[in-house]
Amino acid sequence: MDQNNDFYRQIEAAEREKRKKERKEKWARREKSFWKAFLFTEDGKPKSGLMVYTFCLSLVFVLLYIAAFNFSIEWLAPVTAGWPVFAGNLLQSLAASGAGLLVSLLVHKIFSDKRLMFGCHLWLALYAVLVCASMLFMLKEEGAAASFLHFFAWFILIPVGLGLVVTGLLYKRDYVPPAKDEEAPWKKYTQRR
C-alpha cells in the first residue's frame with residue numbers, strides 16, 4: 001500500500017514539475033516576443049530602432065511635461081488666483097500642453113523619421129493607462145479615487161490626449177512609407193552576373 005502511495009506522489013510531483021516548466025517556458029516566450037525589440041543584433045544595432053528611440057524620447061517627454069507643469073503652475077497661479085478653479089486649471093494644463101506640443105512640432109520638423117513623435121505619444125498614452133489602472137486598483141476609498149481622477153484629467157489626460165491628436169495628424173500628413181524594392185538589398189551582392 002505504501003509503495004502505491006509513494007508511486008502516486010511521485011507521479012503527482014512529476015506532473016507539477018512538468019506544469020511548472022511549461023508555465024516558465026510560456027512566460028519566457030511571451031517576454032521574448034515584446035522585449036526582443038529592445039535587444040541588439042550582432043552588428044550592435046537595435047532590432048527595432050523605432051521602438052527604442054520612441055521609448056527613450058517618451059522618457060524625455062515625461063520630464064518635459066513635469067517641468068512644463070511646474071513652470072505653468074508657478075507662473076500662472078498668481079495670475080489665475082481670482083479666477084474660477086476650472087478656468088485656472090484649464091489654462092495651466094493648456095499652457096503645459098502647449099509647451100510639450102511646441103517641442104513636439106520642433107522635433108517633428110527636425111528629424112526625417114515622421115513616426116517618432118507619434119510613437120513617443122503612444123508610449124505616453126500607455127504610461128497614462130498603466131498609471132490610472134494601478135492607482136485606481138490601489139485606491140480603495142471612493143473619495144481618493146475621485147480626487148485622483150480629477151488630478152489625472154488635468155495633468156495627464158489633457159496633455160497626452162492633445163499630443164496624440166496633434167502628432168497623429170502630423171504623422172498622417174507627413175509620413176511616407178519607404179519604397180519597396182523588388183529585391184532585398186543583400187541579394188544584389190550575392191548574385192553572380
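All heavy atoms count here, side chains included; hydrogens, waters and symmetry mates do not.
Between L139 and A144, the shortest heavy-atom distance links the atoms CD1-O, 3.7 Å. Counting all heavy atoms, side chain and backbone alike, L149 lies closest to C132 at CD2-SG, 4.0 Å.
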Test side-chain contact (heavy atoms from CB on, under 4.5 Å) applied to T54 and L122, step by step:
CA-CA 9 Å; T54 56; L122 285 174; over 6 Å; no
Carefully, step by step, assess S58 and V62 under the rule side-chain contact (heavy atoms from CB on, under 4.5 Å).
CA-CA 6 Å; S58 71; V62 166; 5.6 Å; no
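In this structure, the separation between OG on S147 and CE on M135 is 10.5 Å, given to the nearest 0.5 Å. For the atom pair CH2 (W83) and CG (L90), the distance works out to 9.5 Å, reported to the nearest 0.5 Å. With rounding to the nearest 0.5 angstrom, the CG atom of L64 is 9.5 Å from the CG atom of L124. Considering CD1 of I156 and CZ of F151, their distance stands at 5.5 Å, rounded to 0.5 Å. To the nearest 0.5 Å, atoms NZ (K18) and CD (E15) are separated by 8.0 Å. Put simply, CD on E141 and CZ on F148 are 15.0 Å apart, with the number rounded to the nearest 0.5 Å.
No single ILVMFWY cluster, assembled from side-chain heavy atoms under 4.5 Å apart, contains both V160 and V129. Hydrophobic clustering (ILVMFWY, side-chain heavy atoms < 4.5 Å, transitive): F71 and L101 are in distinct clusters. L169 and L164 fall into different hydrophobic clusters, where Ile, Leu, Val, Met, Phe, Trp and Tyr side chains are chained together by heavy-atom contacts under 4.5 Å. By the rule that hydrophobic residues join a cluster once side-chain heavy atoms approach within less than 4.5 Å of another member, L76 and L102 end up as members of separate clusters. By the criterion of side-chain heavy atoms lying less than 4.5 angstrom apart, applied directly or through intervening Ile, Leu, Val, Met, Phe, Trp or Tyr residues, L116 is grouped together with L126 in one hydrophobic cluster.
Under the 4.5 Å side-chain criterion, counting only non-hydrogen atoms from C-beta, E17 is not in contact with K21. Contact annotation: the side chain of F155 never approaches that of H150 to less than 4.5 Å [non-hydrogen atoms, C-beta and beyond]. You'll find the side chain of Y171 reaches within 4.5 Å of the side chain of R115, heavy atoms only. With contacts defined as side-chain heavy-atom distances shorter than 4.5 Å, the pair L94/L162 qualifies. Contact check for F118 versus L170: no side-chain heavy atoms found under the 4.5 Å cut-off. With contacts defined as side-chain heavy-atom distances shorter than 4.5 Å, the pair D174/H108 qualifies.
Just one of F55, Y53, F61 meets the side-chain contact (heavy atoms from CB on, under 4.5 Å) condition when paired with L57; it is F61.
Defined by atom type and a distance below 3.5 Å, a donor-acceptor pair is missing between the side-chain atoms of S93 and W154.
Atom CZ of F111 has 12 or fewer neighbouring heavy atoms from other residues, nucleotides or ligands inside a 6.0 Å radius. In this structure, K172 places its NZ atom where only 12 or fewer heavy-atom neighbours from other residues, nucleotides or ligands lie under 6.0 Å away.
Of the possible polar contacts, one joining the H121 side chain to the M117 backbone as a donor-acceptor pair under 3.5 Å is found. Between the K114 side chain and the V176 main chain, no donor and acceptor come within less than 3.5 Å of each other.
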